[in-house]
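Since the structure comes first, as C-alpha cells, the remarks are kept for the end.
Throughout, a chain's letter reflects where its sequence line sits, starting with A, and its residues are numbered from 1.
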Amino acid sequence: QVQLQESGPGLVKPSQTLSLTCTVSGGSISSGRYYWTWIRQHPGKGLEWIGSISYSGSTFSNPSLRGQITISRDTSKNQFSLKLNSVTAADTAVYYCARDYGVNFRAFDIWGQGTMVTVSS
Amino acid sequence: DIQMTQSPSTLSASVGDRVTITCRASQSLSSWLAWYQQKPGKAPKLLIYKASFLESGVPSRFSGSGSGTEFTLTITSLQPDDFATYYCQQYDSDLYTFGQGTKLEIK
C-alpha cells in the first residue's frame, strides 16, 4: 500500500530555508487524481495546511504562507518537496506530508509519520 | 477564507458513553468536510470524509452528519481507544482549513 516518509534536517537556523522531502512508496505521485500535501502542527497546537501539489504538478498554498513557500516534485524519484524561506521560531513544528485522495474526496487518507523541525540558532 | 470552529474544546466522557463533537463553518460548505482522530505523537487518522462517509477500516461507532455550516461527529459507545483529539477539516476553492481540535478525555 501507499506509504509516505518525510525527511530533512531537524534543526534550521533563523532566516534560513527549511527544506523537507516526502518520499512516496507503493504508488506514483503522477498517476491517479491525488494531491500531495504538506501540513504542520505547532507544538501542542492544531493542524495547519501549508500547500499541495497535484498529480499534474500544479500547486496551491495557504495564503498566509504563499510568499514564503515552494512546493515541487521529482517524479523520477517519486518525491515531493517543501521549501520554506526566511524561517523564524514560529515555524518550529512537526511537518507532515499527506495525500488528498482526490477531487471527489478532498480529505487526507494517508499521512507520513511527521518530522519535527526546530528553528533555533 | 472559511474558518472552522469546533466545540467543545475539551470533552470528558466515560467508556460506553455517546458523544458528539460539532464543527461550525463561517460560511456554507459543499460537503467537503472530514474528521480525524489524533493520538499523542502520531499522525492524524482519517475517520469520516464528505461529511458522512466512513473511511475504510474505521469502526461503525463513528458517524458524521451535517450540511451547510454545521457538522457533527458522533461516537456511540466510547471505547478506551477513542480517547484522543479530534479535528474537523474543510476544503473549498483550493484551500483547506482545520478546526482547532476537541480533546476527548476520560471522566
Derivation and outcome, side chain to side chain contact (heavy atoms under 4.5 Å, CB included), residues Arg106(A) and Tyr96(B): CA-CA 9 Å; Arg106(A) 310 322 313 237; Tyr96(B) 303 85; 2.9 Å; yes
Under 3.5 Å, sequence neighbours excluded: what are the donor-acceptor pairs made by side chains of residues 44-63 of chain B?
residue: Arg61(B); atom: NE; partner: Asp82(B); partner atom: OD1; Å: 3.4
residue: Arg61(B); atom: NE; partner: Asp82(B); partner atom: OD2; Å: 2.8
residue: Arg61(B); atom: NH2; partner: Asp82(B); partner atom: OD1; Å: 2.8

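- For the residue pair Ala43(B) and Gly112(A), the shortest heavy atom distance occurs at CB-O, 3.3 Å.
- Counting heavy atoms of neighbouring residues, nucleotides and ligands inside a 6.0 Å radius, atom NZ of Lys83(A) does not exceed 12 of them.
- With a threshold of 4.5 angstrom between heavy atoms, Tyr87(B) approaches chain A through side-chain atoms but not through N, CA, C or O.
- Interface residue Ser61(A): only backbone heavy atoms are found under 4.5 Å from chain B.
- Both the backbone and the side chain of Phe105(A) come within contact range of chain B, each with at least one heavy atom under 4.5 Å from a heavy atom of that chain.
- Criterion: ILVMFWY side-chain heavy atoms under 4.5 Å apart, direct or through other members. Under it, Tyr36(B) and Leu78(B) are not part of a common hydrophobic cluster.
- Using a 4.5 Å cut-off between heavy atoms, Phe108(A) touches chain B through backbone and side chain atoms alike.
- Contacts from residues 8-40 of chain A to chain B, taken as heavy-atom pairs separated by less than 4.5 Å, involve Tyr35(A), Ile39(A) in sequence order.
- Using a 4.5 Å cut-off on side-chain heavy atoms (C-beta onward), Leu95(B) and Trp49(A) make contact.
- The hydrophobic clustering, which links ILVMFWY residues whose side-chain heavy atoms are closer than 4.5 Å, places Leu4(A) and Tyr55(A) together.
- Hydrophobic clustering (ILVMFWY, side-chain heavy atoms < 4.5 Å, transitive): Phe80(A) and Tyr95(A) are in one cluster.
- Neither the backbone nor the side chain of Gln90(B) comes within less than 4.5 Å of any heavy atom in chain A.
- Connection of Leu29(B) to Val103(A) is not established within any shared hydrophobic cluster, with ILVMFWY side chains joined at heavy-atom distances below 4.5 Å, either directly or through further cluster members.
- The hydrophobic clustering, which links ILVMFWY residues whose side-chain heavy atoms are closer than 4.5 Å, places Leu47(A) and Met4(B) apart.
- Put simply, the side chain of Gln41(A) reaches to within 4.5 Å of the side chain of Gln38(B), judged on heavy atoms.
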